[in-house]
Amino acid sequence: MKIVKFKNLDKLSKCTADFIVNMAAGCIKTKGYFTISLCGGSSPRKLFNILTSENIDWNKVYIFWGDERFVDINDDNSNYKMTYDILLSKIDIPEENIFITPVNESTPEKTASEYEKSILDFFTKHQKLDSCKTPIFDLIMLGAGNDGHTASLFPNIPELDEKEKLIINTKSPEYAVVDDRISFTFKLINSADNIFLLLSGSDKKKIADQFLNNNTEKKIPIQYIDRSDKTQVLLDMEMFK
Ligand code: 6PG
């Protein structure tokens, strides 16, 4: 696991945008496309804004979401809406490259299974994936809540150990917005070639310390993230002030 420390969120966001530009260019050069799964919340907002003016061949970039709230895509709590308002509405990317979580399905369970099917269909076509293999994203971006959750994988839920499914529906704790969530599992997250964990926010010091020291007495969800060199922890050092 690589830990990259930044003075503040502005510098973290600018440098992360550079990482993504270079990674996308490399993937597009070697295999013709780049797959990225975005995170929600507030941490990536500055980064998404910077990406609107970066030189990326969006025609060859495929965008997914590591988690989504089970609300309409026009709802202010929607991660898709946040991404559309800041990034997608400002770049020239084909609609068919954007894999919106199908929250218009009747239930969260159906949404999760439909999203898993669309992701498997995409990777089967692009990655010549055979049926038993897990899709390999070029980059999965993750944030973390001050309870140590990531994507919509919250503390003390059995789904943290999900070994079969790629996409599940979860219930958020009463302190989080929107009860019903759709989330990548760690089976899918940890299959990625690259994982970026953005850690920023004055209320995240405690979980950041536990994650970095890897105190596994009472594991928090971010401690289920693969700790090999495929994972880069992007640390906003203002958190420790
Ligand atoms: C969500 C996010 C979630 C987020 C963390 C951190 O849907 O809420 O995907 O996992 O990354 O809650 O949120 P902040 O960046 O707002 O602290």
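In what follows, residues are counted from 1 in the order of the sequence shown. Note that the structure is a prediction, hence the values are computed from the model and not measured. Order of appearance sets the numbers: ligands from 1, and atoms from 1 within every ligand.
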*Gly40 to ligand 1: N or O pair under 3.5 Å?*
yes
_Could you go through Lys125 and Asp121, starting from their C-alpha distance and side-chain angles, then the distance that decides it, and tell me whether this counts as salt bridge (charged side-chain N to carboxylate O under 4.0 Å, His left out)?_
CA-CA 6 Å; Lys125 193 170 112 202; Asp121 288 350; over 6 Å; no
Can you tell me which residue and heavy atom of the protein come closest to [atom], and the distance to 0.1 Å?
atom                    : answer
atom 9 (O) of ligand 1  : Asp67 OD1, 2.6 Å
atom 13 (O) of ligand 1 : Gly41 CA, 3.8 Å
atom 17 (O) of ligand 1 : Lys204 NZ, 2.7 Å
atom 6 (C) of ligand 1  : Ala144 O, 3.2 Å

_My understanding is that we take every heavy atom of each candidate and find the minimum distance to atom 10 (O) of ligand 1. Doing that for Ser200, Ser43, Ala151, which one comes out nearest?_
Ala151
*Select the closest option to atom 3 (C) of ligand 1 among Arg69, His149, Arg181, judged by heavy-atom distance.*
His149
_For Glu116, run the side-chain contact (heavy atoms from CB on, under 4.5 Å) check against Ile182, Thr111, Ile167, Thr185 and tell me which one passes._
Ile167
Ring-face cation contact, [Y] with [X], 6.0 Å cut, 45° max:
X      : Y      : answer
Arg227 : Phe211 : yes
Lys171 : Phe154 : no
Lys31  : Tyr33  : yes

_With a heavy-atom distance limit of 4.0 Å, tell me whether Leu198 approaches ligand 1 through its side chain, its backbone, both, or neither._
neither
*Looking at Asn79, which atoms of ligand 1 are within less than 4.0 Å of one of its heavy atoms?*
1 (C), 7 (O), 9 (O)
*Atoms in ligand 1 flagged as close to Gly143, the criterion being non-hydrogen separation under 4.0 Å*: 11 (O)
*For the rings on Phe122 and Phe64, is their centre-to-centre separation under 6.0 Å?*
yes
*To the nearest 0.5 Å, tell me how far Gln223 CD sits from Ile207 CD1.*
9.5 Å
